[in-house]
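Notes to accompany the following structure.
Residue indices begin at 1 and follow the sequence shown.
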Amino acid sequence: MTEALIGSTISALSTGIGAIPILFMRSMSHRMRDILLAYTAGIMTTASMFNLIPEALASSNVFVIAFGLLLGCFVLLWLEHSLPHMDLENPNQRIRINIEQKSFLIIAAITLHNLPEGLSVGVSYASSNDTLGPLIAFSIGLQNAPEGFLVALFLVNQNINRWKALGIATLTGVVEIVTSMLGYTLSSYVSNLVPYGLSFAAGAMMFIVYKELIPESHGDGHQRSATVSFILGLITMIGLTDWF
């Protein structure tokens, strides 16, 4: 439990660490934003396909994997209909509501993306593979950093104070600690739940990659740069897997 808590905390706080540059800059080129989104997509894809799914398959079967993947996908579909969508690729968009409602909607949208990430960390620590938890926590933290910056940039462009934007971006990562502990606790005490949890997390993460990150990284004519960045994200995660 302690290792899972420490790992999820470090992973979650990476969102705030990544948002720190917003204190010194206000804008970012579309090309760089697309590169960051694609790099994040590469990391999440490799974490799902090379780590979460193989680990789940080793202790279950293809039917369990299929069930978990589809459940993760459908839960994200339902959440997306229930919560507002935030277009990170276009941080200059304006929301015509007061600042309190604006902050709430943005936090809700970001939480939608962070829930499966925290769950994947907790379930990974509950698995029998001692290296899987730290690996997934590190990879999620790695992709949380650029996400935190993009979130803070979006908030600043909504005329929200820079320090407040940094604080909100950090808090959106904290929800991962809660879902991580939930995933760890359920997987530790409910027999045979780990493979379902791992495949669920993989399905949810791949939904985010295919539905959000890849389309947004290709929205401004920087497909080639984004594609190279995606491959670099894959290589980074493969290297981390080999290292751990």
Side-chain angles (χ1 to χ4, degrees), residues 1-20 39-40 42-60 64-65 68-69 71-72 75 110-148 151 169-206 208-209 233-244:
M1 173 69 81
T2 302
E3 291 184 358
L5 180 60
I6 293 174
S8 62
T9 300
I10 295 174
S11 174
L13 292 181
S14 296
T15 305
I17 294 174
I20 290 176
Y39 185 76
T40 297
I43 290 175
M44 293 179 70
T45 298
T46 312
S48 298
M49 303 305 297
F50 280 68
N51 302 107
L52 296 177
I53 292 177
E55 182 67 21
L57 190 58
S59 58
S60 61
V64 172
I65 304 301
L69 288 172
L71 183 62
V75 167
I110 299 165
T111 301
L112 166 65
H113 291 75
N114 286 343
L115 290 176
E117 296 171 9
L119 179 65
S120 66
V121 173
V123 175
S124 298
Y125 271 102
S127 72
S128 58
N129 186 341
D130 293 335
T131 64
L132 184 63
L135 176 63
I136 297 300
F138 189 83
S139 66
I140 294 299
L142 193 62
Q143 68 89 26
N144 274 347
E147 179 183 272
V151 167
T170 302
L171 288 175
T172 60
V174 172
V175 301
E176 292 186 12
I177 302 175
V178 178
T179 55
S180 176
M181 291 298 96
L182 177 62
Y184 179 86
T185 302
L186 290 176
S187 299
S188 298
Y189 292 100
V190 180
S191 178
N192 299 321
L193 186 63
V194 170
Y196 287 97
L198 291 173
S199 54
F200 174 88
M205 289 172 67
M206 291 309 300
I208 294 171
V209 167
L234 293 177
I235 294 172
T236 299
M237 194 58 202
I238 292 172
L240 288 174
T241 302
D242 182 65
W243 180 44
F244 275 89

- Item | Interatomic distance, Met237 atom CE to Ser48 atom OG [nearest 0.5 angstrom] | 9.0 Å
- Contacts of Thr40 meeting side-chain contact (heavy atoms from CB on, under 4.5 Å) (sequence neighbours excluded), chain-then-number -> Met44, Gln143, Pro146, Leu213
- Item | Spacing of CD1 belonging to Ile43 relative to CG belonging to Leu240, to within rounding of 0.5 Å | 7.5 Å
- For Thr236, check side chain to side chain donor-acceptor pair (under 3.5 Å) against everything at least two apart and list the hits. Tyr39
- Item | Side-chain heavy atoms of Ile140 within contact of Glu176, under 4.5 Å | yes
- In Thr170, Leu171, Thr172, the residue satisfying side chain to side chain contact (heavy atoms under 4.5 Å, CB included) with Thr15 is Thr172
- Task: Sort out for me which residue in Leu57, Leu52, Val64 forms a side chain to side chain contact (heavy atoms under 4.5 Å, CB included) with Pro195.
- Result: Val64
- All heavy atoms of Ser199 vs all of Ile65, minimum pair found to be CB-O, 3.8 Å
Sequence neighbours left out, cut at 3.5 Å: what donor-acceptor pairs do the side chains of residues 4-12 make with other protein atoms?
residue: Ser8; atom: OG; partner: Ala4; partner atom: O; Å: 2.9
residue: Ser8; atom: OG; partner: Leu5; partner atom: O; Å: 3.0
residue: Thr9; atom: OG1; partner: Leu5; partner atom: O; Å: 2.6
residue: Ser11; atom: OG; partner: Ala137; partner atom: O; Å: 3.4
residue: Ser11; atom: OG; partner: Gly141; partner atom: N; Å: 3.3

- Item | From CD1 (Ile177) to CG (Leu13), nearest 0.5 Å | 5.5 Å
- Note on the structure: OH (Tyr196) and CG (Leu186) are apart, to the nearest 0.5 Å, by 14.5 Å
- Can you find a heavy atom in the side chain of Leu142 that is under 4.5 Å from one in the side chain of Ser14? no
- Message: Just to verify, what does Thr185 make a side-chain contact (heavy atoms from CB on, under 4.5 Å) with, not counting sequence neighbours?
- Response: Met1, Tyr189
- So how far is it from Ile208 CD1 to Thr45 OG1, rounded to the nearest 0.5 Å? 11.0 Å
- Who are the side-chain contact (heavy atoms from CB on, under 4.5 Å) partners of Ala19, not counting sequence neighbours? Ala152, Leu166, Ala169
- Message: To the nearest 0.5 Å, what is the distance between CG on Asn51 and OG on Ser124?
- Response: 8.0 Å
- Item | Closest heavy-atom pair and its distance - Gly118, Thr179 | CA-OG1, 3.3 Å
- Query: Side-chain contact, heavy-atom cut-off 4.5 Å: Val123 with Phe200?
  - Reply: no
- Under the side-chain contact (heavy atoms from CB on, under 4.5 Å) test, which residues partner Ile238, sequence neighbours left out? Thr46, Phe50
- Item | Polar side-chain atom of Ser180 near backbone of Gly122 as donor-acceptor pair, under 3.5 Å | yes
